[in-house]
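Only one structure is covered here, and it is reproduced in the block below.
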There are 2 protein chains.
Amino acid sequence: MRWAELEREACSVARTVSVVGDRWSLLILRDCFLRVRRFEEFQARLGITRHVLADRLRKLVEAGVLARVAYRQRPLRYEYRLTEKGLDLNPVLLALVRWGDAHMAGERGPPKLYEHRACGHVFDPVMCCSVCGGAVTARNIRILDGPGAAPAAANDA
Amino acid sequence: MRWAELEREACSVARTVSVVGDRWSLLILRDCFLRVRRFEEFQARLGITRHVLADRLRKLVEAGVLARVAYRQRPLRYEYRLTEKGLDLNPVLLALVRWGDAHMAGERGPPKLYEHRACGHVFDPVMCCSVCGGAVTARNIRILDGPGAAPAAANDA
DNA sequence: CTCTTGAGTTCCGAAACGGAACTTTGCTAT
DNA sequence: ATAGCAAAGTTCCGTTTCGGAACTCAAGAG
């Protein structure tokens, strides 16, 4: 299976992975949420090759996750900003952070803390049920076929 | 930067990405949560080459996300099961699903639905604050340096 | 004794990646 | 005026990884 085929699958994980499913895209997005916007700054912070950076930025723009906006005419220069669609990836990044903090942190503790402006406290991001607000874990979920399920079933989720 | 250097960064996203930051690992994990356990079944469902599948399973086992357990002696056969550490990746997968459902779903709707056993309802997974329980979005978070932050600061998150 | 199952390994050509140099446009300091 | 610099890429090349298909190994089944 090739990259391009992924987004055609009847699986939301596969479709999302077709956009952000490589290490560089995820790290670029991490930096976007830290307000990094410019080519040179991504390149310096990430240690990614310019070639690959240009490619990933182009793909993220095509996917509608980032927008390429001119921040200066003459000489014409562009920067990359999260769109609403991109901002919506925040839970994905938070989930990655949470797992890294819990399972891969050094002895010194988590490198970043997150404060919830609404309540003013440093918090852990927790997955909750939109209906009852209770915590959701792997063991208290049941997975059902939805309306967009594959006809005969095969690849899914 | 090479793969191996990622996990040494003072960034929980980078460390997590060093484990699950490629498309196949994420799709394998998706299937794990759907109770797929065997080599042949992964291979058939994913369309991944056997070569790469063997490599990814090995790496996920090394990372402690999956466990390789014999399910039959003579002939000796192994299957792959999520460990506690692996089950803890559930929020990552849910966040990916949620974004795919919201931004990449076909017109027929989401391919899968998730029922919260605790309340019995089909729900959307929402990121919440562990302190106040309120919803967390990109715009109501403030990011602070934590105890494990890089000394002089450079790559972070 | 041949067939089938299951979990891999091997081999090869194609694609993606890492590293470094080069390009382009206009500003800035000499 | 002119040499240097900044920013955002592009080009080139050698290495690594990937996709596809065939092969291996062990044991039970017909």
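Atoms considered below: every heavy atom in the structure, side chains included; atoms not considered: hydrogens, waters and symmetry mates. First the proteins, then the strands, lettered A, B, ... as listed; each starts at 1.
With Asn140(A) contributing its side chain and Thr137(A) its backbone, the two residues share a donor-acceptor pair below 3.5 Å. Under a 3.5 Å cut-off, the side chain of His116(A) and the backbone N or O of Ala135(B) do form a donor-acceptor pair.
Nucleotide dA7(C) holds its C1' atom 8 Å from the CZ atom of Arg68(B), rounded to whole Å. The distance from atom CZ of Arg56(B) to atom C1' of dA7(C) is 18 Å, rounded to the nearest whole Å. Put simply, OH on Tyr80(B) is 15 Å from P on dG6(C), counting in whole angstrom units. The distance between atom CG of Leu66(B) and atom P of dA7(C), rounded to the nearest whole Å, is 14 Å. Taking atom CG of Leu57(B) as the reference point, atom P of dT9(C) lies 11 Å away to the nearest angstrom. As rounded to whole Å, 14 Å separates atom P of dG19(C) from atom CZ of Arg50(A).
Of the residues near DNA chain C, Ile48(A) and Arg58(B), the one whose nearest nucleotide (by heavy atom distance) lies more toward the 5' end is Arg58(B).
In summary, Glu7(B) and Arg15(B) do not engage in a salt bridge, as defined by a charged side-chain N under 4.0 Å from a carboxylate O. Under 4.0 Å is where a charged nitrogen must lie from a carboxylate oxygen, and between Glu40(B) and Arg50(B) at least one such pair does. Classification of Asp101(A) and Lys112(A) as a salt-bridged pair fails, no side-chain N sitting under 4.0 Å from a carboxylate O.
Taken residue by residue, residues 70-79 of chain B places heavy atoms nearer than 4.0 Å to DNA chain C at Tyr71(B), Arg77(B), Tyr78(B). Proximity of residues 16-29 of chain B to DNA chain D (heavy atom under 4.0 angstrom from any strand atom) is restricted to Arg23(B), Trp24(B).
Tyr71(A) belongs to no multi-residue hydrophobic cluster, having no ILVMFWY side-chain contact under 4.5 Å with any other such residue.
Among residue pairs with one or both ends in residues 12-34 of chain B, none qualify as ring-ring contact (aromatic ring centres under 6.0 Å, His included); sequence neighbours excluded. Note on residues 129-142 of chain A: pairs passing salt bridge (Lys or Arg N to Asp or Glu O under 4.0 Å), not counting sequence neighbours, are Arg139(A)-Glu84(B), Arg142(A)-Glu115(B).
Rounded to 10°, the angle separating the first-five-pair axis and the last-five-pair axis of the helix from dC1(C)-dG30(D) to dT30(C)-dA1(D) equals 10°.
Of all nucleotides in DNA chain D having an atom under 4.0 Å from a heavy atom of chain B, the first and last in 5' to 3' order are dC18(D) to dG28(D).
Among residues two or more places apart in sequence or in another chain, the ring-ring contact (aromatic ring centres under 6.0 Å, His included) test is passed with Phe39(A) by none. Evaluation of the salt bridge (charged side-chain N to carboxylate O under 4.0 Å, His left out) rule for Arg77(B) yields no partner, not counting sequence neighbours. Not a single ring-ring contact (aromatic ring centres under 6.0 Å, His included) links Phe42(A) to another residue, sequence neighbours left out.
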Side-chain donor/acceptor pairs under 3.5 Å, residues 60-67 of chain A, sequence neighbours excluded:
none

Side-chain donor-acceptor distances from residues 93-100 of chain B under 3.5 Å, at least two apart:
residue: Arg98(B); atom: NE; partner: Pro125(B); partner atom: O; Å: 3.3
residue: Trp99(B); atom: NE1; partner: Lys85(A); partner atom: O; Å: 3.0

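OP1 and OP2 of dG6(C) both lie 4.0 Å or more from every side-chain N or O belonging to Arg37(B).
For Glu40(B), the side-chain atoms get nearest to dA7(C) when compared with the rest of dC17(C), dT9(C), dA7(C).
Within the cation-pi definition used here (under 6.0 Å to the ring centroid, within 45° of the axis), Arg37(B) does not qualify as a partner of Tyr80(B).
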